[in-house]
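This report refers to the structure that appears directly beneath it.
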Amino acid sequence: MASSRAFEWACAELESSSSLNALEARGTVRLALKQAGLEANHVTPEQMAVVVERVLPGELRSRGLEDAEGICGALASGLKHLEVGAAPDSPEEVFKRLSR
């Protein structure tokens with residue numbers, strides 16, 4: 001199953017704004033989501049922003065990244081501006097199309 005747009009965006013931004021490579025960034029964000037009880041394929045930008053603000057700084061500090069709060073602040077700000085529509089194949093969208 002595909003990951004949500006919020007997850008993909010956060011991972012790409014974390015990779016570009018830190019010394020983490022793509023695999024490390026994705027794994028770190030997945031661990032933060034797991035701690036929050038969320039999954040990468042269903043996380044919304046609002047949920048991702050909360051995880052980025054509250055959980056991700058600790059994960060980044062444990063990996064030796066300096067300015068974890070600054071990185072996470074920039075990510076959270078960007079997530080607030082991320083436009084999200086329902087996933088084209090989400091059950092909600094399928095039923096909406098069928099009911100028309």
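Just so you know, residue 1 is the first one in the sequence shown, and it goes up from there. Hydrogens, waters and symmetry mates are skipped; everything else that's a heavy atom, side chains included, is used.
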Do the charged groups of Arg26 and Glu8 touch, with an N to O distance under 4.0 Å?
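Salt bridge between Arg26 and Glu8, a charged N being under 4.0 Å from a carboxylate O: yes.
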Of Val50, Thr28, Ile71, which meets side-chain contact (heavy atoms from CB on, under 4.5 Å) against Leu56?
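Among Val50, Thr28, Ile71, the one that satisfies the side-chain contact (heavy atoms from CB on, under 4.5 Å) with Leu56 is Thr28.
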Looking only at heavy atoms, what is the nearest atom pair of [X] and [Y], with distance?
X     : Y     : value
Pro57 : Ala68 : O-CB, 3.6 Å
Trp9  : Leu75 : CZ3-O, 3.5 Å
Arg63 : Leu31 : NH2-CD1, 3.0 Å
Leu79 : Ala6  : CD2-O, 4.1 Å

Could you pull out all residues at least two apart from Glu24 that satisfy salt bridge (charged side-chain N to carboxylate O under 4.0 Å, His left out)?
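Applying salt bridge (charged side-chain N to carboxylate O under 4.0 Å, His left out) to Glu24 gives none.
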I'd like to know if the side chain of [X] and the backbone of [Y] have a donor-acceptor N/O pair within less than 3.5 Å.
X     : Y     : value
Glu15 : Ala12 : no
His81 : Ser77 : yes
Ser4  : Ala40 : yes

Between Val51 and Val43, does the side chain to side chain contact (heavy atoms under 4.5 Å, CB included) criterion hold? Intermediate values first, please.
CA-CA 10 Å; Val51 170; Val43 68; 5.6 Å; no
Looking at side-chain heavy atoms only, is the closest gap between His42 and Gln47 below 4.5 Å?
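No, their side chains stay 4.5 Å or more apart.
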Could you give me the CA-CA distance, side-chain angles and deciding distance for Lys80 and Glu53, then say whether salt bridge (Lys or Arg N to Asp or Glu O under 4.0 Å) is met?
CA-CA 12 Å; Lys80 292 177 184 171; Glu53 290 172 337; 3.7 Å; yes
Any chance you could measure Leu60, atom CG, to Ser18, atom OG, to the nearest 0.5 Å?
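Going from CG on Leu60 over to OG on Ser18, the span is 7.0 Å.
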CG-CD distance between Leu82 and Glu46, expressed to the nearest 0.5 angstrom:
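Reported to 0.5 Å precision, the distance equals 9.0 Å.
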Apply side chain to side chain contact (heavy atoms under 4.5 Å, CB included) to residues Phe7 and Asn41 and explain how you reach the verdict.
CA-CA 8 Å; Phe7 172 78; Asn41 54 343; over 6 Å; no
Could you name each residue pair satisfying side chain to side chain donor-acceptor pair (under 3.5 Å) that touches residues 65-76, not counting sequence neighbours?
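Applying side chain to side chain donor-acceptor pair (under 3.5 Å) to every pair that reaches into residues 65-76, excluding sequence neighbours, yields Arg61-Glu69.
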